[in-house]
Engineer: 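First the structure, which I've put down as structure tokens, then a few questions once you've had a look.
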Amino acid sequence: MTVETFDPSQTTTLETPVKSLTAQAQANGTGAKIGFVSLGCPKNLVDSERILTQLKTEGYQIVPSYDDAELVIVNTCGFIDSAVQESLDTIGEALAENGKVIVTGCLGAREDEIREVHPNVLGITGPHAYENVLKQVHDFVPKPKYDPFIQLVPDHGIKLTPKHYAYLKISEGCNHRCTFCIIPSMRGDLVSRPIGEVLDEAARLQKAGVKELLIISQDTSAYGVDVKHRTGFWNGQPVKTSMQSLCEALSDLGIWVRLHYVYPYPHVDDVIPLMAQGKLLPYLDIPFQHASPRILKLMKRPGQSDRVLERIKKWREICPELTIRSTFIVGFPGETEEEFQELLNWLEEAQLDRVGCFKYSPVEGAKANDLPDQIAEEVKEERYHRFMETQQRISAARLQSKIGRTIKVLIDEVDDEGAIGRSFADAPEIDGAVYLNGETSLKPGDLVDVVVEEADEYDLWGSLAE
């Protein structure tokens, strides 16, 4: 869970001259002031970026503190109970510090729950309700007088990520009905963005200096299913609305392209050769969730674990550099000790590179809450630690094998101690890092060759290749 409080001086991709004009606009008081807090996953972050871009386009000032804001927008997460509580706490903090608060995002789909705790919020909307959010802002903080020479917005919009990487959302919603998840009830069924629109945004980001695109959605593999993979157009050429065609077009931009939230459908096999050819990052984020066929059936998850193992082996034969990250749930209702051991055995055989694990948590409205044989919290905790111990050992061994190799590293930050970056195997904030101690002359966004010298369970240490 991440909290992003928008600070134009640190997170926007505006160039220095535009920053100066924005500062001048703030000094002159030419725009109404809005505070913004973004919670949750990268998909929510993209929603926040879209709202902020529209606000900025209309002449509003985005300010980094409650005190300076005439109104605060909180973009909430509501996926699990801890996220709900964090969202409610943040709304309460904004009300206490400012008093005028609009709520949007996933938790906004459960208005009654918000009103019960915070009856004084000014307005509530659900996820990706951009127009409704703007309408509510207009109701309480009227549009400022617009000055196009002062209120400048880059054509790629406002970004909450560093300048050298950006999230590219290709669709909204999800057609799956996993029993532990309520995302479809909040975000609806799959709606794919037109492929020309997606590629236009990608090209604008690349032109603005983005070195890495992180492709996100609820189900990246399903891109285009809702429109029957109809043909769109980009740069005057026909392009099919499908994951493979999208990947092929993105690979021509000459920057890192990383795929997230990929369900293991058969057509995923078709993008592995693009990775082997260096056109896409050899990285797949696939939420397998479990390995027991019975538990997967209770979860209503696609895929069969034994066939998945065969496909992983085939993928690695085609692309030996492939990094696979995944997430799993332990302690799902009805999970027996034998089924949990089946999951550990599957991990040993799959040898995944990056893995996250969650203890099953009941989510209001999820069908899994009604399943029999709920697992005791102490059992969940014990299984979680055994799972993580197993995966840490696997991860450590896979990283140790990189010692002595030369790898490409994208620099994320530089401080007095040195530079911190990521290899193709590391997505920002969820995977590991590569540390270059003493390299203080590098800059964020630099792409450098690094000789790996040390490794632990998650991170690498190295020096610049000569």
Engineer: Determine whether a donor-acceptor pair (N or O, by modelled atom type, separation under 3.5 Å) exists between the side chain of N175 and the backbone of L190.
Structural biologist: yes
Engineer: Go through Q392 and Y458 one step at a time and tell me if the side-chain hydrogen bond (donor to acceptor under 3.5 Å, both in side chains) criterion holds.
Structural biologist: CA-CA 8 Å; Q392 284 170 354; Y458 302 108; 2.8 Å; yes
Engineer: Return the set of residues passing ring pair (Phe, Tyr, Trp, His ring centres under 6.0 Å) with Y384 (not counting sequence neighbours), or none when no residue passes.
Structural biologist: none
Engineer: Decide yes or no for F387 and T390: does some side-chain heavy atom of the first lie under 4.5 Å from some side-chain heavy atom of the second?
Structural biologist: no
Engineer: Just wondering, do L250 and L168 contact through their side chains at under 4.5 Å, heavy atoms?
Structural biologist: yes
Engineer: With sequence neighbours excluded, tell me which residues meet salt bridge (charged side-chain N to carboxylate O under 4.0 Å, His left out) with R383.
Structural biologist: E335, E337
Engineer: Taking the basic N atoms (NZ, or NE/NH1/NH2) and the acidic carboxylate oxygens, is any pair closer than 4.0 Å for R325 and D353?
Structural biologist: no
Engineer: S395: what forms a side-chain hydrogen bond (donor to acceptor under 3.5 Å, both in side chains) with it, not counting sequence neighbours?
Structural biologist: Q391
Engineer: Is any side-chain N of the basic residue among E70 and K33 closer than 4.0 Å to the acidic one's carboxylate O?
Structural biologist: no
Engineer: Got a sec, which residues hit side-chain contact (heavy atoms from CB on, under 4.5 Å) with V103, two or more places apart in sequence or on another chain?
Structural biologist: T76, I91, V101, I114, V121, I124
Engineer: Taking the side chain as everything from C-beta on, heavy atoms only, tell me whether C77 gets closer than 4.5 Å to E86.
Structural biologist: no
Engineer: Treating R204 as the side-chain partner and L199 as the backbone partner, does any N or O pair qualify as donor plus acceptor under 3.5 Å?
Structural biologist: no
Engineer: Evaluate L107 against L88 for side-chain contact (heavy atoms from CB on, under 4.5 Å), listing each step before the verdict.
Structural biologist: CA-CA 9 Å; L107 188 59; L88 292 173; 4.0 Å; yes
Engineer: Do the side chain of N98 and the main chain of A69 share a donor and acceptor less than 3.5 angstrom apart?
Structural biologist: yes
Engineer: Do you know the tightest heavy-atom contact between T327 and P287?
Structural biologist: OG1-CB, 3.5 Å
Engineer: Main chain of N44, side chain of N75: is a donor-acceptor contact present, judged purely on distance under 3.5 Å?
Structural biologist: yes
Engineer: Are any side-chain N or O atoms of K211 and backbone N or O atoms of G445, one a donor and one an acceptor, separated by less than 3.5 Å?
Structural biologist: yes
Engineer: Using side-chain heavy atoms (C-beta onward) and a distance below 4.5 Å, is N345 in contact with Q341?
Structural biologist: yes
Engineer: Decide whether H385 and E381 meet the rule of one side-chain donor and one side-chain acceptor closer than 3.5 Å.
Structural biologist: yes
Engineer: Looking at F340, I'd like to know if the NZ or CZ of K359 sits under 6.0 Å from its six-membered ring centre while staying within 45 degrees of the ring's axis.
Structural biologist: no
Engineer: Apply side-chain contact (heavy atoms from CB on, under 4.5 Å) to L55 and R50, showing your working.
Structural biologist: CA-CA 9 Å; L55 287 170; R50 290 178 179 175; over 6 Å; no
Engineer: Is L122 close to Q136 at the side-chain level, that is, under 4.5 Å between some pair of heavy atoms?
Structural biologist: no
Engineer: Between the side chains of Q54 and Y60, is a donor N or O closer than 3.5 angstrom to an acceptor N or O?
Structural biologist: no
Engineer: Give a yes or no answer on whether the side chain of S245 reaches the backbone of S242 with a donor-acceptor pair at less than 3.5 Å.
Structural biologist: no
Engineer: Any side-chain heavy-atom pair from T220 and L246 closer than 4.5 angstrom?
Structural biologist: no
Engineer: Identify, with sequence neighbours excluded, every residue that meets salt bridge (charged side-chain N to carboxylate O under 4.0 Å, His left out) alongside E321.
Structural biologist: R405
Engineer: Hey, could you give me the CD1/CZ distance between I216 and R258, rounded to the nearest 0.5 Å?
Structural biologist: 13.5 Å
Engineer: Q400 side chain to A455 main-chain N or O, any donor-acceptor pair under 3.5 Å?
Structural biologist: yes
Engineer: According to ring pair (Phe, Tyr, Trp, His ring centres under 6.0 Å), who are the partners of Y165, at least two apart in sequence or on a separate chain?
Structural biologist: none
Engineer: Could you tell me whether E212 and R422 make a salt bridge, using a distance below 4.0 angstrom between a side-chain N and a carboxylate O?
Structural biologist: yes
Engineer: Does the side chain of S171 pick up a donor-acceptor pair with the side chain of S192 at under 3.5 Å?
Structural biologist: no
Engineer: Under a 4.5 Å cut-off applied to non-hydrogen side-chain atoms, are C178 and R301 in contact?
Structural biologist: yes
Engineer: Start with the C-alpha gap between R386 and E382, add the side-chain angles, then the distance that decides, and say whether salt bridge (charged side-chain N to carboxylate O under 4.0 Å, His left out) holds.
Structural biologist: CA-CA 6 Å; R386 286 164 59 196; E382 188 266 345; 3.1 Å; yes
Engineer: Can you tell me if S87 uses its side chain to pair, donor with acceptor, with the backbone of A83 under 3.5 Å?
Structural biologist: yes
Engineer: Of all residues at least two apart in sequence or in a different chain, which pass the ring pair (Phe, Tyr, Trp, His ring centres under 6.0 Å) check with Y283?
Structural biologist: H260
Engineer: In plain terms, say whether E49 and K56 are close enough for a salt bridge, that is, a side-chain N and a carboxylate O under 4.0 Å apart.
Structural biologist: no
Engineer: Give the intermediate values and the outcome of salt bridge (charged side-chain N to carboxylate O under 4.0 Å, His left out) for residues E377 and K380.
Structural biologist: CA-CA 5 Å; E377 289 301 320; K380 294 180 189 176; 3.0 Å; yes
Engineer: W346 vs F288 aromatic rings, parallel, tilted or perpendicular, using cut-offs 30° and 60°?
Structural biologist: perpendicular
Engineer: Using the test salt bridge (charged side-chain N to carboxylate O under 4.0 Å, His left out), find all partners of R354 that sit at least two apart in sequence or belong to another chain.
Structural biologist: D426
Engineer: According to the ring-ring contact (aromatic ring centres under 6.0 Å, His included) rule, which pairs have a member within residues 351-377, sequence neighbours left out?
Structural biologist: F332-Y360
Engineer: Any side-chain heavy-atom pair from Y223 and V198 closer than 4.5 angstrom?
Structural biologist: yes
Engineer: How close do H229 and T241 get, heavy atom to heavy atom, and via which atoms?
Structural biologist: ND1-O, 2.8 Å
Engineer: Under 4.0 Å between a Lys/Arg side-chain N and an Asp/Glu carboxylate O for K135 and E131?
Structural biologist: no
Engineer: Please identify each residue that fulfils side-chain hydrogen bond (donor to acceptor under 3.5 Å, both in side chains) with Q244, with sequence neighbours left out.
Structural biologist: E248
Engineer: If a pair satisfies salt bridge (Lys or Arg N to Asp or Glu O under 4.0 Å) and one of its residues is in residues 217-228, list it, with sequence neighbours excluded.
Structural biologist: none
Engineer: Mind checking what makes salt bridge (charged side-chain N to carboxylate O under 4.0 Å, His left out) contact with E457, not counting sequence neighbours?
Structural biologist: none
